[in-house]
Amino acid sequence: MLQLQLLRQNPGQVKERLAIKHFAETGLVDSILSLDDQRKKLQLEFDTTQAKVNSTSKEIGALMAKGQKEEAEAKKQEVATLKSALQPINERLSVIEKQLQDELVKLPNLPSDKVPAGKTPADNIVIREGGHKPRLSKEALPHWDLIKKYDIVDFETGAKLTGSGFPLYKGKGAKLQRALVQYFLDFNTKAGYTEYLPPFMVNEASAFGTGQLPDKEGQMYYMPADNFYMIPTAEVPVTNIYRDEILKETDLPVKMTAYSPCFRREAGSFGKDVRGLNRVHQFEKVEIVQLVYPAKSYDVHEEMVAHVEKLLQTLELPYRVLNLCGGDMSFASALTYDFEVYSAAQERWLEVSSVSNFETYQTNRMKIRFKDEKGKTQLTHSLNGSSLALPRIVACLLENNQTPGGIKLPEILHPYFGGKLIN
RNA sequence: GGUGAGGUGGAUGAGUGGCUGAAAUCAACGGUUUGCUAAACCGUCGUACGUCCUUAAAGAUGUACCGAGGGUUCGAAUCCCUCCCUCACCGCCA
């Protein structure tokens, strides 16, 4: 949620920035400002009337104490009149406040000035590439065939148990999941992130806090009996840990990492994208989250990007880093770098991580603040990134490392996996 | 799931209708003093939204908030209702 103050101070600039995100309804900015004006007027009216009610009530108390009953009765009449005037004001005020909130929430975050113009994924800018694309033989198989060959993921039985997109990992496939999660968490905690294991369902307030609600309501699995949402990423519970808190400046940066399964309905997805492990409803992911001093957030963003990049390098996978253009980045983000790995048999790039700076967009919703050196409370910036999402990493590991003798795992995983080969 | 107790500022905790936005203690912060450390003393020490004033910072002032929402009353942290949460015991269970 954007800060109202920013809209008030510089509505023109806000509109310009929204245009880069290809956000069409710039009229919202004006309607929000006009609602805000109305709100302030009503509040002033309400406050002054209420102040009168309060002071008169005190007088009544004093008169009663002195036994001046008649005067007290007269004052009571006065208060009654004031209160009947107050009621409609109050009602209008809450209507306006709600409208204002509803409208404000519809505005996406402003892109930072590092965001390239552009509308579609084709306009994203490749910042750099790393690793080596393997040269596979003609008989090389895509991962969905390798999975069958080595009997490590059983989609059919997963579908029988739940539905399509719920893979059932088996044997070395299951163990590889465990190994990767373990390795990723170790890699993150070594870099100073505190490990959490959060709840996998969250309440409405948490889902709202990180921006899943109301924007992506249909993308989450929902448990109506308890009004809980299955988390689409550990970002949701982990960032919400500090919801409604005021930190000390010395507490910053807060660095957190968590493993969780992620549940996504992926409503509207179809086609070859969903083949095999490319797109599933439930997958494992390790996430990193930071809450930082505002002026430092872009440095931290670079640091997180470097962190994820190093992790991919240790996995010996060919990757590239993309700076997402205004039209392709997410609603809440100010700057997003995506990581893609090259899946050699499919001959396509697969997104495995997304590292974003949200500035105050999330923290304004969650009211995550800190006291600065002057003792003033201000919002922290929040950032997060995947480090990493498993299924596409697995797809890539399988395809790129296939040999006649089996899948050769990168060295770093050997101790975690308890072996070098899937065969 | 059942029964009981309870939810007050960073923490502990007082407060059963007006003098309470909230005592006291601790923690934290600033200062004074003491040859370091420690102690003592003084001061500061909630959030949000407004209004006035100011270039701004600061300041003054109003309103709301004592788990959440609603109600009673001229007036509610305090009384009533609903919900949520915590703790204890019981039941069930990984």
Side-chain angles (χ1 to χ4, degrees), chain A residues 1-10 32-105 197-209 223-229 237 240-252 254 261 291 360 363-380:
Chain A
M1 184 165 71
L2 292 176
Q3 292 176 263
L4 200 48
Q5 205 185 15
L6 182 68
L7 302 204
R8 286 205 282 239
Q9 284 166 352
N10 214 334
I32 286 167
L33 288 175
S34 120
L35 280 169
D36 186 42
D37 284 341
Q38 292 178 58
R39 192 198 103 244
K40 285 201 277 193
K41 252 170 95 182
L42 280 169
Q43 192 185 329
L44 184 60
E45 209 178 334
F46 179 86
D47 284 358
T48 47
T49 314
Q50 183 62 249
K52 198 85 204 282
V53 168
N54 290 346
S55 61
T56 311
S57 292
K58 272 197 180 148
E59 288 171 31
I60 292 171
L63 289 171
M64 298 282 263
K66 280 191 257 170
Q68 293 173 277
K69 257 190 149 182
E70 271 175 41
E71 288 87 336
E73 282 306 318
K75 293 278 182 191
K76 278 192 195 183
Q77 277 305 315
E78 235 177 84
V79 171
T81 316
L82 286 170
K83 281 186 80 176
S84 60
L86 211 50
Q87 205 197 340
I89 299 172
N90 193 21
E91 277 166 14
R92 272 195 295 157
L93 184 58
S94 28
V95 168
I96 296 272
E97 274 174 348
K98 183 161 189 319
Q99 275 178 3
L100 181 60
Q101 176 74 5
D102 288 350
E103 300 282 278
L104 198 52
V105 151
L197 204 164
F200 300 154
M201 295 185 210
V202 291
N203 58 29
E204 211 177 322
S206 296
F208 177 81
M223 322 292 282
D226 298 288
N227 198 19
F228 292 154
Y229 294 86
N240 272 282
I241 290 171
Y242 288 97
R243 169 155 49 88
D244 292 321
E245 306 237 345
I246 300 176
L247 297 154
K248 285 179 274 183
E249 192 176 328
T250 50
D251 292 333
L252 303 179
V254 174
L291 303 172
T360 59
T363 54
N364 189 31
R365 285 187 172 206
M366 282 183 277
K367 302 297 171 225
I368 302 180
R369 292 153 295 171
F370 72 101
K371 278 213 196 292
D372 64 21
E373 62 275 10
K374 286 182 194 154
K376 251 186 102 176
T377 47
Q378 51 173 312
L379 296 166
T380 70

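Chain A is the first sequence line, chain B the second, and so forth, proteins listed ahead of strands; every chain is numbered from 1.
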Rounded distance [0.5 Å steps], [atom1] in [X] versus [atom2] in [Y]:
| X | Y | atom1 | atom2 | answer |
| --- | --- | --- | --- | --- |
| F46(A) | R92(A) | CZ | CZ | 12.5 Å |
| Q43(A) | T48(A) | CD | OG1 | 10.5 Å |
| N203(A) | N227(A) | CG | CG | 8.0 Å |
| I89(A) | E45(A) | CD1 | CD | 4.0 Å |
| T380(A) | K367(A) | OG1 | NZ | 11.5 Å |
| T363(A) | L247(A) | OG1 | CG | 10.5 Å |

Gap between atoms [atom1] and [atom2], on [X] and [N] respectively (whole Å):
| X | N | atom1 | atom2 | answer |
| --- | --- | --- | --- | --- |
| D372(A) | rA57(B) | CG | C1' | 13 Å |
| Q101(A) | rC49(B) | CD | P | 12 Å |
| L247(A) | rU47(B) | CG | P | 14 Å |
| L44(A) | rA48(B) | CG | P | 20 Å |
| K248(A) | rC29(B) | NZ | C1' | 10 Å |
| N227(A) | rA68(B) | CG | P | 19 Å |
| K41(A) | rC52(B) | NZ | P | 14 Å |

- Query: OP1 or OP2 of rU47(B) sitting under 4.0 Å from any side-chain N/O of R369(A)?
  - Reply: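 False: R369(A) side-chain N/O out of range (4.0 Å or more) of rU47(B) OP1/OP2.
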- Item | Phosphate OP1/OP2 of rC49(B) contacted by R39(A) side-chain N/O (<4.0 Å) |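 For R39(A), the contact criterion (side-chain N or O under 4.0 Å from OP1 or OP2 of rC49(B)) is not met.
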- Task: Find which nucleotide of RNA chain B each of D36(A) and K371(A) is nearest to by heavy atoms, and output the residue with the more 5' nucleotide.
- Result: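 Its nearest nucleotide lies further toward 5', so the answer is K371(A).
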Please report the distance separating the [atom1] of [N] from the corresponding atom of [M], rounded so that it comes out in whole Å.
| N | M | atom1 | value |
| --- | --- | --- | --- |
| rC79(B) | rU86(B) | C1' | 24 Å |
| rC29(B) | rC83(B) | P | 44 Å |
| rG30(B) | rC87(B) | P | 36 Å |
| rU44(B) | rG59(B) | P | 13 Å |
| rA23(B) | rG9(B) | C1' | 12 Å |
| rG71(B) | rG1(B) | P | 29 Å |
| rU16(B) | rU73(B) | C1' | 15 Å |
| rG69(B) | rU54(B) | C1' | 41 Å |

- Polar contact flag, side-chain donor to acceptor under 3.5 angstrom, N364(A)-Q3(A):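 Side chains of N364(A) and Q3(A): no pair found under 3.5 Å.
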- Task: Check every atom of rU47(B), rC74(B), rG50(B) against the side chain of K40(A) and return the nucleotide holding the closest atom.
- Result: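 Selected nucleotide (nearest to the side chain): rG50(B).
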- M64(A) side chain, from C-beta outward: closest of rU63(B), rC74(B), rG50(B):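 Nearest to the side-chain atoms of M64(A), counting from C-beta on, is rC74(B).
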- Item | Residues in contact with RNA chain B, drawn from residues 47-62 of chain A - heavy-atom cutoff 4.0 Å |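 D47(A), Q50(A), A51(A), N54(A), S57(A), I60(A), G61(A), in order of number.
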- Message: At a heavy-atom distance below 4.0 Å, what parts of residues 72-81 of chain A sit against RNA chain B?
- Response: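 Close to the strand are K76(A), V79(A).
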- Short question: side chain of D47(A), backbone of L44(A) - any donor-acceptor pair under 3.5 Å?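 Pair absent, no side-chain N/O of D47(A) close to backbone of L44(A).
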- Item | Base paired to rC79(B) (Watson-Crick or G-U; both N/O distances under 3.5 angstrom) |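 Matched rC79(B) with rG71(B) under the 3.5 Å cut-off.
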- Query: So which nucleotide does rU54(B) pair with, by the Watson-Crick or G-U wobble rule with both distances under 3.5 Å?
  - Reply: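 Paired with rU54(B), as far as the under-3.5 Å criterion goes, is no nucleotide at all.
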- Item | Pair D102(A) + K98(A), salt bridge at N-O below 4.0 Å |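 So D102(A) pairs with K98(A) through a salt bridge.
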- Task: Would you indicate whether the side-chain heavy atoms of D37(A) and K41(A) approach each other to under 4.5 Å?
- Result: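 No. Closest side-chain heavy atoms not under 4.5 Å.
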- Task: Output, in order, the C-alpha distance, side-chain angles, deciding distance and verdict of side chain to side chain donor-acceptor pair (under 3.5 Å) for Q87(A) and E91(A).
- Result: CA-CA 6 Å; Q87(A) 205 197 340; E91(A) 277 166 14; 3.3 Å; yes
